[in-house]
Every structure is written in structure tokens, then in C-alpha cells.
Asker: 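Structure provided below as C-alpha cells; questions to follow.
Lettering follows sequence order; numbering is per chain, from 1. None of these values were measured; they are calculated from a predicted model.
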Amino acid sequence: MFPEDAYNLDFFREEGFHRKTCERCGGRFWTRDPTRKTCGDPPCDPYTFIGSPVFRREIGLDEMREHYLSFFEERGHTRIKRYPVIARWRDDIYLTIASIADFQPFITSGLVPPPANPLTVSQPCIRLDDLDSVGRSGRHLTTFEMMAHHVFNTPEEEIYWKDRTVALCDELLLGLGADPLAVTYKESPWAGGGNAGPSVEVMVGGLELATLVFMDMKVSPQGDYEIKGERYSKMANYIVDTGYGLERFVWASKGSPTIYDAIFPEVVATISDLAGLDSSVSDDERTRILAANARLAGMVDLEDASLRDLRRRISSDIGISAEKLDEIITPLERIYAVADHTRCLAYMLGDGIIPSNVKAGYLARLVIRRTLRQMKDLGIGVPLSDLVSMQISRLDYSDLDERLETIAEILDQEEERYAETLEKGRRLVKRIAEGYGKKSEKIPLSEMISLYDSHGIPPEIAKDAALEAGVEVDLPDNFYSRVASTHIRSEKEGREEVTIDLPETRRMFYERPFERRFVAQVLEVVDGNVILDQTLFYPEGGGQPADRGLIRKGAKAFRVVDVQSAGGVVLHKIAEGESAAFAFEIRPGDSVEGEVDMSRRLAHARHHTAAHIIHDSAKKVLGSHIWQAGAQKSEERARLDISHYKRISREELKEIELLANRMVMENVPISTGWLDRAEAEKRFGFELYQGGVPPGTSIRVVQVGSDVEACAGTHCTNTGMIGPIKVLRTERVQDGVERIEFAAGVAAVLRGQERDDLLFEASDILSVPPEQLPKTASRFFEEWKDLRKEAARLKEDLARAQMEGLTRRAVEVGGIKIVVAVIENADVEELIKAASMISGKDYVAILGSDKDGAKIVTAVGKKGLAKGLSAGEIVRAATLVVGGGGGGKPEIAQGGGPRAEKLTEALKAGLAKVKASL
RNA sequence: GGGCUCGUAGAUCAGGGGUAGAUCGUUACCUUCGCAAGGUAAAGGCCGCGGGUUCGAAUCCCGCCGAGUCCA
């Protein structure tokens, strides 16, 4: 735990606060009220603000946000713009879940200075953890704005720490008209994301309005403090991390029965209208029920089981039947959920998340489908895109019109797709249900899990469809946890960080990008890697592969096969067979000469610059929702993955290619340079970070025409240097991510030639010029299909003719007529046709052919079957002779073997088998 | 990043080593003054693509392409 004095603030003492122990939960808290006995946090205290607001007057979202931000601005904080709700700068989370998430990991760790200090921001956050409670509890939201002020203190400079933080909070609350005696500060150790520290929860009227975290520890196995089972030690930097719930402030100011009524009453009203909500319940009664619901729900965690208890308590509290309560409250819950979810989608899609089956996109789809289900239950007929558009218009996007258009298209497509999935699902369930229905069994749980897991059919919908077919299902209450338990979790392997205790290698490839040779001093040789004081070798990074080349000492040359960077130190890997000699030959302190394979480097540079151009062109052709989702370059080709919600058409692709080549022909210079991070972000925004966020106070910014990216790669000096750009193909790597494969420079010419070769080879085969290939190919294909049908018909005719001749040559054994014959040049299909015709005349057929080895087909007519003959057994006896095997049904069977010369003998063996069986 | 499922006729899907099927739709004919319905018949298949195993692959195995879905 923290030291005893962690919460002993001068502020509390000076203001006459008392430190107390809650008589319900035992937690410590601070209050001005000498008579207070409980900490203020539910369930120790109930909601008291519902119906009796804690602030002076009602304040809406926009006004409250502005009030907060200007309050802190007036007190020395710099207001900064909100970050996107999709955390593109993080690789550990998909969504921005707190204001502090904006500054992790580099700013909190001290690697990068904050954009301002101290600062204030109102950061929209999305948390989907309590999705099930949204709409039901009266207080849960998927999306909320975390208003915050943050301070980043260093050992050199402390801006302010605990006292001023709490003082500011207190001033804010009292300024809004909160009763000083009603405000309590509850002590609560905080830990998360590898950091920890003391925190206070700020409670008013039973509602937690803010949390003030004093982050001053980090995870450390040998640390002195233990919090929630992990050991922590003090950090040099210490950070004020506050979080004020904008929506809760608004709710507290209004005292409405639910938070939803407080923050977007007009959206709730619109959705109610669309749902044609029955207004037979008086507003008074509804308010009473909701207030009771919210008050009680505030006291408990919402699990499915406890929801039922909750309902029972409410119905007895206000004296109506549980059924009646359900009838009134369920549609309201759905309306609230839709109001919340559509706002969540407005932020998600507005900030550029493309729905997908993976990653952040999956979360968007999850919310979309949930919302669609709720809308259907409510009987809302308008498209989801209408509701989301209404929500987006409330946000402040500068390019609203283009966004609205794209988002409407995305949502309409999602809605249509979900309908298709469900329709397909219903058919599938019906088929499965019929299968179990026949056996008069229930549909087992395993089947229900597979329906959900593999086909996305929610169990409720599956159940409905099954009941329609008159089949019961096995559906336990804990269905979803059963699904979860079928997924085995695999532990992620942490990448080993190589730390080398040497100064950073001087990287000369930025100033002298096209210089081949350099002289450097050897600092160290480790595991076949050489470390130099400076280098022209580019280490792998940003999708650009490592350079190769030579390192020379005197007359001896060693091949560099890989170059990696570890903590700023560049490692040059020497070829396997040469590293022993190298270690012997070259020692720390030696002077060596390096030589970079420049044709490889140039190919990489061309592909890298071309990737930026393709990205820019794609954005122009497809829309501003395009983000890079990954990239990889090689000498031969490169690929760029971009976020896009549908397949790129041929036409669009051609347009992208054309635009890219125009940019090349314009031969504009490419500017690269190091910029202060904060300055770069201010000028270019988060669109800089297409390839991820690099660490460091200054970042390298590469500008190619209108495309500006933070990028550490080596680039051409002007676009003309790239040479031609040839787009090769697109691929859908995931739902919502399209891959464009292309080649640039020499590689583009070579790839073009390869395609020409294919074209010429194909036209040579058909003896037509390339421009006639499509027409000719389709003609050939049509003709081939016709001929195939013709051949089948002819084989039928031929078989019939054969049959007539053969039946005349039948032998008779024990009352069964048997045809044994070789049909020259017949394939298996012909043999089968003839044999089945012969057996149709109630003969036994044993036919063979020596086309491509021995082929034997046997067939048995009705009479033969009655006597116990089996075509399968006969063919097995015969094919054994030709060194093969065969089988089939009793009526007809086929087989063969490699030893065609023994065909006649084999047929005899077949006949012998018949004789033996009779 | 991991898991699961599916690509067979225009559509929806059976079949899961041994002659490619059903239903709907299409076309023609019968019936009718005409239409619908009904009856009869026909047309319509590189069984996603490429390898492998096998006497034989739509079917089994591997790879690829395309689609769907659940989870982190």
C-alpha cells in the first residue's frame, strides 16, 4: 500500500476536512461534514441527485464542456484538441478509453514532451465492456467525454501536484453550486496500464463525478509497494491524471431519471417517436419508474441474474406487477440503448473506423449489429444511417458532408449485409432443425454454439427459427460464457528487447541518401554482428527491408546480409560463413570501409516513395477515410494495405495508377526533414502517423506532393526519380482492408514485361494477336463446352450400339447371361454407359479397355443381384490381375490397374468369379 | 493476431471415394378464348483454382483465390 500520508493534503487540512472511515465499506474518505458516516459511493450511499440536482442550474453538454475547459484555461492550462476515438497511435488498445490514453506511452514515460503542460482536454472515449448494461442501468454509456486536466511533472520541474489538483476540483464543483458538505473525496488506490498511484474519487449525491489520479509509480518486480497483487516502485516523473465525466456533470445538473434523458433528450424523443412508443403510460408514472430503476441500479452491478432481482424490487417498491413493469421499461431501455449506440457509431465512423471482421472494425460492427437488433425490436423502420447521421451532425467535423456520404454508404451496406447473414442463418437453422426434428431430438448446445461462432446467428434468433420448424433447442442462460470457454486463449509472446550499451550509431543515409561508400570505426562485434560508430546502411524498418552490401578491411571483404536497429544502435549482420573469419580479422577500434548495394537501395527507395504516392492517389480516388493499414517493400514489388469498406473496382484502380504516374511526371521535389513532434502534429494532424507512431521528440517528416507522413525510410529526391508505377493487383486481406500491390521503377518495367510475356505466350498458343485474345478465348471455351456435351451424347449412342452387338455374344452360366468383352479405345465413361445398358437388359457385363492402362467395368442385372452377385466383388477379382483395385455398388462397379497387357486374363478372372459365386 | 464455417445448375441447397442430384426459376409443349394454376418434357454444371494420394477425386490431403463468422 501507499504510505499513510499519501492522502494527507494541506488542502484538506486548511479547508477543514475530516478524514473518516466509511461505516459500510470501511474505505477512507474526506468530508467537510462532521456528521457524515458513509463514503458517498454506492452502494454505501444511494443516488440522491435524481429529482434534486446537485448544481445550481441545468446545463447541457456543450455548455458544460465549454465551462470546464475555460475554467482550467483561466487557471493556467492550455486547451488542446481532442484525439480520435480510434487509438491509431497505440498498438495495445483499439479505442481511446481515457484522456490519459492520448499521452501513452511516450509522453507518460517521458520520452516525448507533452503538447502543453499543464493542459486541459475533453476527450471522447469509448468503452464497450459494459455493453449489456447500456440502456438498462440508467447510467452506463458506451461513449462518454472524459474532461481532464493533466500535469506532467519531472524531477527538474514540478508544475503542481495533489493539493492544487484537489483544490481545482473543489473550486469547480462549488462554483457550479455543489453543496460543500455533500462533496466527499474517497481514497482509492489506482493501477492500470503498468502504472499506479493514489487516487481520490469525487462523489456528490451518490454519483462519482470525477477521479483524480496521482500517477507516480510503475510496475517493478523489486518495487517497494504492492497494489492489487503487483509490485510497483516510484517513478521519476509524476503525473496528474484526472477524469471528469462530462455526461455525469450534465446529469447531476439536471437530476433526470436517467443519464440519457439528461444528455440527449431530443435524440431520445426522436427515437421514441420513430418507435411509435405507446403513450398510455403517463409521463409521471414513467419518470417514477425510471427514477426507481436508476436509483436501485446504481446500487448493484448488473448481471443477468441480478437484473431480475432488481426488477422485482422495483415493482414491489412502486407497487405495480413485474409484467407491467417489464412492458413499460423494456422499450425504454431499447430506446436509450439505440440513442447511446448511434452516438458511439457517430464517433467511431466519424473518426474513420471501417467496420470489419477484425480489430477495431469488428467492434464497430458489433455495435452496428446490436443497434440494428434493438431497432428491429422497437419496430423502427428507418435506416440506421439516418439515426447515425442525426448524431454526427451534433459533432464538429469540418468535412461533415463528405463524411456523411461515406458513412451512410458504409452503414447501408452493413445493414444489408447483416440482413443477408440473418436470412442465410434462418435457412441454415431451418435445415438443421429439420434434421433434428426427424430424429425428434432437441437442437444440442454444440450446434447452437457453432451457429453463433461460425455463422454469426445469435441464439435468440436461432431459437425462434427452430421453434418455427417445431423443434426445441437446448439454450442455457450462460450461453455466451460457454462460447467463450470454447475459445482457447494463446499467450502472446513478448518480443525480446535487445538492449546494447553503446552510443547511438550515427545514421548518415539521411543526409547522403545515394552515397555508396563510407569509412567507419568498429565499436564492437557481437554474434556475427558488427557495430560501427556511423553507417550508410539502412536498418529494416517502416516496411522497408534492410540494405545489403560489403564491409571491407584492406583487401578482405565481408558480405552484410542484414541490418537491424536496436535502441538506436545499428547492427550489421555478416554472412554466416564469413562471420568467424570476420571476428578474427576485425577488432574494435579498427577502421573499415562500408559499401552499400545501391541498386537494391534504389529499388527500395522507389517503392517507398511510390507507396506514399499510391496512398495519396487512393485517398483522392476513394475518399478521405483511407488510412494505411500496413506496407511492405522489396526489390521486386511493394504492397500497401489501406482501410476501405468495399472492393476496389478495376476502374478505380486504373484511376489510382494514372494519378500516381501523373505525380511522377510532374517531377516534384520530395522534402524530408526533422520536425518538432508537437509542431508537426499541429501542422499536419494525426494523418502523419500512417505507418505507426515513432518515438522521440522530433520526427522525420516526408512530404510528397499533398501527402505528408512521419516516415523513417529512405526516399527519392523527386518524384521523377521513381520512374513508372505499375499497379499489379488488389487483394482483400481482411474485411475493410484492401491491399494494393504495385511495382515502381525498373521493377515496374520488369513486371510489365512479365505480363506481356504471358499475353504473347497465350496468343501464340491460340495463333491470334493479343487484342483478339478475349474474343478467341471465349470462343474456344464455348466450343469446348459444346464439344464436351457432344462427346457425351456420342458416347451414349456408341454404348447403345456396342450393347446390341455384345449381348448377342453373351455366354450363359446357371441361367445368367454374361457379356465379357474388350472395347477398344473406350474410356471409363463409355464402359460404364455400355455396362449399365447391358445390365439393364438383365445381363451381367464384364467390360474392359486398355486405354491408359487397364480399365474394367462390371455391372449386374436384376436376376444376377437376386442370385447374390455383386459387381464390386467381380471387379475386384478382375482388377487384382492387372495390379490395381476397384469397387463400387452391387449394380455397377469400376476399377483398373497398370498392367494393360493382362486385360484379357483379368476379364477371365472376373468371369471365373461370377461362376464361383453362382 | 488466433479460431471456426462455406464455395456444386440462374437462385437456394443435398451428395462427402465409384454413372453429378433436388426444389424454385427458365424454355417448349399439353390444357385454356386468354391468363393463373396444373401436367409433360427440355435446356442449364471446368462441383472456385492449382498440386498430391488413388485403378478412380465434386468427395481425402496440401497450397492458393473468393466469401462469411466469432474472439483478443
Side-chain angles (χ1 to χ4, degrees), chain A residues 91-95 128-129 355-360 362-363 365-366 369 417-418 420-428 430-432 434-435 446-447 449-459 479-493 630 647 729-735 737 739 780-782 784-789 792 795-796 799 827-837 839-840 848-859 871-872 875-876 878-900 903 906:
Chain A
D91 55 11
D92 51 344
I93 49 172
Y94 296 127
L95 300 170
L128 300 179
D129 316 33
S356 162
N357 55 350
V358 292
K359 299 190 177 175
Y362 175 67
L363 300 177
R365 181 166 287 167
L366 190 79
R369 296 191 165 187
R417 226 206 273 210
Y418 191 43
E420 259 168 47
T421 296
L422 288 184
E423 179 50 36
K424 244 171 148 174
R426 261 188 286 273
R427 283 196 300 262
L428 185 63
K430 205 173 152 226
R431 277 205 309 281
I432 291 170
E434 277 161 6
S446 61
E447 200 74 58
I449 290 178
S450 133
L451 279 170
Y452 175 69
D453 213 17
S454 309
H455 303 283
I457 305 157
F479 178 81
Y480 289 99
S481 55
R482 295 282 195 99
V483 175
S485 70
T486 62
H487 295 278
I488 309 139
R489 286 193 188 175
S490 66
E491 280 295 308
K492 222 203 230 163
E493 269 183 62
R647 298 307 305 260
R729 64 193 288 244
T730 64
E731 188 184 343
R732 194 192 78 143
V733 275
Q734 303 158 1
D735 217 2
V737 179
R739 173 167 295 171
F780 270 85
F781 189 51
E782 289 305 318
W784 171 78
K785 284 198 278 193
D786 287 346
L787 288 172
R788 224 167 53 118
K789 274 176 246 169
K795 276 175 193 169
E796 190 112 8
D827 60 19
V828 181
E829 207 181 328
E830 274 176 80
L831 293 179
I832 286 171
K833 281 189 159 64
S836 76
M837 281 179 196
S839 69
S849 153
D850 59 357
K851 196 179 180 189
D852 299 328
K855 306 284 181 220
I856 299 170
V857 174
T858 63
V875 89
R876 260 188 292 275
T879 51
L880 215 57
V881 178
V882 289
K889 296 175 289 188
E891 300 84 44
I892 189 154
Q894 60 273 143
R899 304 175 65 178
L903 181 63

Asker: When all nucleic acid strands are considered with a 4.0 Å heavy-atom cut-off, which category describes A/Lys359: base, sugar-phosphate, or nothing?
Answerer: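 Contact class for A/Lys359: base.
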Asker: When we call it a touch if two heavy atoms are under 4.0 Å apart, what does A/Glu829 touch: a base, just sugar-phosphate, or nothing?
Answerer: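 Since no nucleic acid heavy atom lies under 4.0 Å of A/Glu829, the category is nothing.
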Asker: How many angstroms lie between atom CG of A/Leu831 and atom NZ of A/Lys851, to the nearest 0.5 angstrom?
Answerer: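 Between atom CG of A/Leu831 and atom NZ of A/Lys851 there are 10.0 Å.
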Asker: My understanding is that a pair needs two contacts under 3.5 Å, Watson-Crick or G-U wobble. By that rule, which nucleotide pairs with B/A36?
Answerer: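 Its partner: none found.
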Asker: Select base, sugar-phosphate, or nothing to describe what A/Gly456 touches, counting heavy atoms under 4.0 Å on all strands.
Answerer: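 Counting heavy atoms under 4.0 Å across all strands, the contact made by A/Gly456 is with sugar-phosphate only.
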Asker: Using a heavy-atom cut-off of 4.0 Å across all strands, would you classify A/Val828 as base, sugar-phosphate, or nothing?
Answerer: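 Nothing, no nucleic acid heavy atom in range.
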Asker: What does A/Thr879 touch in the nucleic acid at a heavy-atom separation under 4.0 angstrom: a base, only the sugar-phosphate, or nothing?
Answerer: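 Answer is nothing: A/Thr879 stays at 4.0 Å or more from every strand.
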Asker: Looking at A/Arg369, I'd like to know whether one of its side-chain N or O atoms comes within less than 4.0 Å of OP1 or OP2 on B/U69.
Answerer: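 A/Arg369 to B/U69 OP1/OP2: side-chain N or O found under 4.0 Å.
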Asker: Could you check A/Gly896 against A/Ile892 and say which one's nearest nucleotide on RNA chain B is further toward the 5' end?
Answerer: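 Whichever sits nearer the 5' end wins; that is A/Ile892.
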Asker: Tell me what A/Lys789 touches on the nucleic acid: a base, only sugar-phosphate, or nothing, going by heavy atoms under 4.0 Å.
Answerer: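 Result for A/Lys789 = sugar-phosphate.
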Asker: A/Ser454 side chain N/O closer than 4.0 Å to the phosphate oxygens (OP1, OP2) of B/C6?
Answerer: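 No, outside the criterion.
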Asker: So what does A/Tyr452 touch, heavy atoms closer than 4.0 Å: a base, only the sugar-phosphate, or nothing?
Answerer: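 Answer is sugar-phosphate: A/Tyr452 comes under 4.0 Å of backbone atoms only.
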Asker: Can you say whether a donor on the side chain of A/Asp453 sits under 3.5 Å from an acceptor on the base of B/U69, or the other way round?
Answerer: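 No, no donor-acceptor pair under 3.5 Å.
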